[in-house]
K.L.:
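Below is a structure I'd like to ask you about.
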Amino acid sequence: MEEPSFTFLADCAKSRCTLRYTDEYGNSSDREFFASQSGGAVYEGDRNPRQVCEGLKRLGATLYWQPDFDATLADLIRRECNRNKCVSSRVLFPE
């Protein structure tokens, strides 16, 4: 068994990033996040975007990106992962 981990893929831009989560069995899944370049609510997915909530969940307070506070969206997503100890696929990939 491996230690669960998350990494950001190289195609990240200022207001867009892809998070790859690898679980303890070595299985990988991706989540794509984006926001307006001037900041605002964070969304996930390109085909049917939905707002992301704090803690990268689907319910709760909307997650907002402020470019003056976090230089890139990936900085905010990384902080949310660390804040919630995103080592569980249930946290990173809620149903």
Side-chain angles (χ1 to χ4, degrees):
M1 285 183 130
E2 298 177 20
E3 185 71 26
S5 64
F6 66 92
T7 56
F8 289 94
L9 302 185
D11 67 344
C12 288
K14 180 176 181 173
S15 62
R16 177 177 291 274
C17 66
T18 303
L19 176 75
R20 174 161 291 157
Y21 173 78
T22 304
D23 67 17
E24 58 271 14
Y25 302 105
N27 301 316
S28 294
S29 298
D30 295 348
R31 284 180 77 178
E32 296 177 9
F33 300 96
F34 67 94
S36 167
Q37 290 201 7
S38 59
V42 176
Y43 293 89
E44 176 181 3
D46 283 330
R47 288 183 225 146
N48 186 17
R50 35 180 162 175
Q51 282 188 342
V52 177
C53 297
E54 291 178 355
L56 305 182
K57 299 177 183 172
R58 298 222 167 97
L59 296 173
T62 301
L63 182 63
Y64 290 96
W65 174 56
Q66 299 174 348
D68 293 338
F69 186 72
D70 291 300
T72 67
L73 182 59
D75 294 336
L76 172 65
I77 301 301
R78 185 178 291 108
R79 190 173 71 245
E80 287 295 303
C81 278
N82 289 331
R83 186 182 84 170
N84 292 297
K85 302 198 180 10
C86 289
V87 294
S88 165
S89 60
R90 290 177 50 208
V91 172
L92 276 177
F93 298 95
E95 294 179 18

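Computed over heavy atoms, backbone and side chain alike; hydrogens, waters and symmetry mates excluded.
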K.L.:
Check A41 against A35 and note the closest heavy-atom contact, atom names and distance.
P.N.:
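Taking A41 first and A35 second, the nearest heavy atoms are O-CB, 3.6 Å.
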
K.L.:
Answer yes or no: are there more than 12 heavy-atom neighbours, outside Q51 itself, under 6.0 Å from its atom CD?
P.N.:
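More than 12 heavy atoms, drawn from other residues, nucleotides or ligands, come within 6.0 Å of this atom.
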
K.L.:
Check side-chain hydrogen bond (donor to acceptor under 3.5 Å, both in side chains) between T72 and all other residues, then give those that pass, not counting sequence neighbours.
P.N.:
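side-chain hydrogen bond (donor to acceptor under 3.5 Å, both in side chains) check on T72 returns D75.
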
K.L.:
Could you name each residue pair satisfying ring pair (Phe, Tyr, Trp, His ring centres under 6.0 Å) that touches residues 52-83, not counting sequence neighbours?
P.N.:
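Sorted pair list comes back empty.
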
K.L.:
May I ask you to test the K14-L73 pair for a side-chain heavy-atom distance under 4.5 Å?
P.N.:
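Contact flag for K14/L73 side chains = no.
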
K.L.:
I need the E32 CD to T18 OG1 distance, nearest 0.5 Å.
P.N.:
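If I round to the nearest 0.5 Å, the distance is 4.5 Å.
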
K.L.:
Just jot down the side-chain hydrogen bond (donor to acceptor under 3.5 Å, both in side chains) partners of D46, sequence neighbours excluded, or say none.
P.N.:
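If we apply the side-chain hydrogen bond (donor to acceptor under 3.5 Å, both in side chains) test to D46, skipping adjacent residues, the hits are R16.
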
K.L.:
Between the main-chain N or O of D70 and the side-chain N or O of R79, is there a donor-acceptor pair closer than 3.5 Å?
P.N.:
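Side chain of R79 to backbone of D70, a donor-acceptor pair under 3.5 Å: no, none is there.
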
K.L.:
At what distance, to the nearest 0.5 angstrom, does CZ of R31 lie from CG of L56?
P.N.:
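Atom-to-atom, R31:CZ and L56:CG are 5.5 Å apart.
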
K.L.:
Please enumerate all residues that pass side-chain hydrogen bond (donor to acceptor under 3.5 Å, both in side chains) together with T7, with sequence neighbours excluded.
P.N.:
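By the side-chain hydrogen bond (donor to acceptor under 3.5 Å, both in side chains) rule, T7 matches no residue at all.
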
K.L.:
Looking at OG of S38 and CD of Q66, how far apart are the two atoms once the value is rounded to the nearest 0.5 Å?
P.N.:
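Reported value, rounded in 0.5 Å steps: 11.5 Å.
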
K.L.:
Over all heavy atoms of both residues, which pair between P49 and F34 is shortest? Give the atoms and the distance, please.
P.N.:
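Scanning both residues completely, I find the closest heavy atoms to be CB-CZ, 3.8 Å.
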
K.L.:
Restricting to side-chain contact (heavy atoms from CB on, under 4.5 Å), what partner residues turn up for N27, sequence neighbours left out?
P.N.:
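Here the qualifying residues are D23, Y25.
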
K.L.:
For the CD1 atom of I77 and the CD atom of E44, what is their distance to the nearest 0.5 Å?
P.N.:
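Answer rounded to 0.5 Å: 9.0 Å.
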
K.L.:
At what distance, to the nearest 0.5 angstrom, does CG of L19 lie from SG of C12?
P.N.:
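Separation between the atoms: 8.5 Å.
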
K.L.:
Going by the rule side-chain contact (heavy atoms from CB on, under 4.5 Å), which residues pair with S28 if we only count those two or more places apart in sequence or in a different chain?
P.N.:
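S28: side-chain contact (heavy atoms from CB on, under 4.5 Å) contacts with R20, T22.
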
